[in-house]
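As a basis for the values below, the full set of heavy atoms in this structure was taken, side chains included, without hydrogen atoms, waters or symmetry mates. First listed ligand is number 1; within each ligand, the first listed atom is number 1.
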Amino acid sequence: MTYPKLFTPLDLGPLVLGNRLVMGAMHTGLEEVPDGATRMAAFYGARARAGVGLIVTGGFAPNREGAAIEGLGIFGSSEQAEEHRVITNAVHREGGAILLQILHAGGYARHALAVAPSAQPTPLCPVIPRALDEDDIERTIEDHVGCARLAKHAGYDGVEFIGSGGYLIDAFLAPRTNRRQDRWGGGFENRSRFGLEIVRRTSRALGTGAVVSFRLSLADLVVDGSSWEETVAMARALKDAGAHMISSTFGWHEARVPTIAAIVPSAGFTWITRRLREAVDLPVVASNRINSPELAEAVLARGDADLVALARPFLADPDFVLKAREGRADDINTCIACNQACLDSVFRQEVVSCLVNPFACHETLVRLFPTSSPRKVAVVGAGPGGLACAVTAAQRGHEITLFEGGDAIGGQFRLAAHVPGKEEYAETLRYFRRRLQQTGVRVRLNETPDVADLVGFAHVVVATGTRPRVPSLRGVDHAMVVSYIDVLSGRRQAGDKVAIIGAGGVGFDVAEFLTDPGHHDLESFQCEWGIDATLTRRGGLNLQAAPAHASRQVVLLQRKTGKIGKDLARTTGWIRRAALVRRGVQMLAGVDYQYIDDLGVHVLVGGEPRLIDANTVVLCAGQEARRELFDDLRKHDIAATLIGGAESASGLDAQRAIAQGTRLALQL
Ligand code: NAP
Ligand code: SF4
């Protein structure tokens, strides 16, 4: 398949882009590490080599106050500009173009220097920001312009200002955070002055040779955000101020509406970008939940946007554009919107990577090179860890046989694709199937080799995974007790009253599966999460969100006394909890399991007996490692390595398994 719209060049004035694909800004953590410039050069250079039309870096602060983390990620000196030359040179050498994103965190800065239009706390930060005075505002504007000048000096093709997300420029724009009574607050003309002044002075300072892009929030999704009329007025004023393009985003960081999680329908916000495109004579960029060339092409073909920004998909596959251009979309390693190795890492202040591509942002540290001594290697178990190990080792030149006891590859990852909102996990398995073919791995399904079968191999990788833990509880063998595997695979149907034992990631998956309303269209999503499809309310928020209804009664149980779901991932856990609460799922912590009988699960809560009325009990009580094969191999002195859940079942997930499998393959 070809993508004619995607591969049509675009004249931006100072730059002619070879195609309509933008690598959108992403914080990678490399902005803050000592060898960050070299690592960013490798990271961005690889994406430029594959032909992406335009790259935008992660955000850099124009001054100390604007740094999200104190003292880090600031772009404010000519020494730093010199350091960044390695990045711009790497991108230009590959024929690419790159903008520096300038991000003043405003009230989202997590340190004592935080500033904002008004001294108001934000829900996400412990510090109350200081209100900028007139002199501060003037200085801050000049700091933005100075940062842009330095960017040009460093060889960037221009800059992008982040005027969205609730950061400083956006905080000036929205009445929610701008309570000023002077010429920088009050009516729209005053609230927009700060951002427009930055763009106007920057355009003048950079001249005609550099691009100025502006990231505009087209729906803040918070109370007292900007109105649609103000957003359009801002976009038009930005054009007059000298901006070359407007890149759309949705939702402030404190918004309680998912905007990039897997639950968001594909390209679920581009209808708003189209509304803007119809109202403004400037190229607009669509974004959010666009992860395939087909989707990107469709967005352009519908006239929703002039360009399409993808961010996480460029972590998942550096060669996304090349593969699209060559009509090899099936070869793309698809971003599954899990956020696990990328956005969740940002919140842990770690350098990001990607669940499906552990090389991302680690290009200089994790290198794939051909082996000088090809060996015959068996990999036992075709879950994510075994698959990653098999294809990487085969790519290096080893002769790989992959054994799998089931009738298909994927292991328990296959089940995840059955969970509503995680359907795209199937794309990872499609990718691995392609890689197995391309790298010549010999795949032997429905085979569980024993020691005798593995004697001829130079090395055995044991990736046999886990088995579900069965708690020792009276009545656990009752006919109504099933494992999560039975439920998610469809082998067993649940009744209308379900108790779930264990509220980890799998317990949540099962609760979502069992209460799924069954419709996943855009309208249902907007209705469930309170997005105003008419764009007539401030912030694009419709506070009369319809409560979701579940067809069965579900109770999630845990022994710990803390809040249920507390240990779920930072960027998606709140979404999963909110969805289940809305569907009426009950969550009961601090239970002491007593026994199961025909009536349900008998527990003590705070020492008081209680019956959890149920006709199905689903066990989601974690897993135990399956390592018997490894122990047998060791007894027979056969060289073997354990990876993934078979090595340690506790806290296992696909991210760890794939990273471990890949790393082992690089050492074989
Ligand atoms: P898990 O996170 O370890 O949760 C299992 C829960 O079962 C524990 O939190 C524990 O809570 C309970 N439990 C353990 N032993 C028990 C026993 N003997 N009797 C009764 N309850 C017991 O395991 P999981 O939910 O199976 O998840 C496995 C891994 O996959 C985790 O690393 C998880 O993060 C990952 N995963 C991730 C996602 C995702 O969307 N990112 C989805 C699914 C799984 P209490 O003892 O407090 O009750
Ligand atoms: Fe996409 Fe998950 Fe990789 Fe992030 S970690 S880029 S969300 S696949």
Evaluate the side-chain proximity of [Y] to [X]: yes if any heavy-atom separation is below 4.5 Å, no if none is.
X: Val506; Y: Gln412; result: no
X: Gln623; Y: Tyr484; result: yes
X: Val379; Y: Val441; result: no

Below 4.0 Å, non-hydrogen atoms only: which portion of [X] touches ligand 1? Side chain, backbone, both or neither.
X: Gln655; result: neither
X: Leu568; result: neither
X: Tyr484; result: neither

Can you list every ring pair (Phe, Tyr, Trp, His ring centres under 6.0 Å) pair that touches residues 554-598, not counting sequence neighbours?
-> Tyr595-His602
Smallest heavy-atom separation, Ser164 atom then Ser217 atom, equals CB-N, 3.5 Å
Which of the numbered atoms in ligand 1 are below 4.0 angstrom from a heavy atom of Gly502?
-> 7 (O)
Counting from 1, what ligand 1 atoms have a heavy atom of Tyr593 closer than 4.0 Å?
-> 20 (C)
Indicate whether the side chain of Thr334 and that of Arg430 have a donor and an acceptor atom separated by less than 3.5 Å.
-> yes
Nearest non-hydrogen contact to atom 23 (O) of ligand 1 from the set Gly562, Ser472, Gly622, Gly504 belongs to Gly622
Quick one: which of Gln340, Gln558, Lys560 has a heavy atom closest to atom 10 (C) of ligand 1?
-> Lys560
May I ask whether Cys620 has any heavy atom positioned less than 4.0 angstrom from an atom of ligand 1?
-> yes
Counting only heavy atoms not in Arg552, do more than 12 sit closer than 6.0 Å to its CZ atom?
-> yes
Over 60° means perpendicular and under 30° means parallel, so classify the ring planes of Phe269 and Phe250, tilted if in between.
-> parallel
Are any non-hydrogen protein atoms located under 4.0 Å from atom 34 (O) of ligand 1?
-> no
Taking atom 1 (Fe) of ligand 2 as the center, what protein N, O or S atoms are found at less than 2.8 Å?
-> Cys335 SG
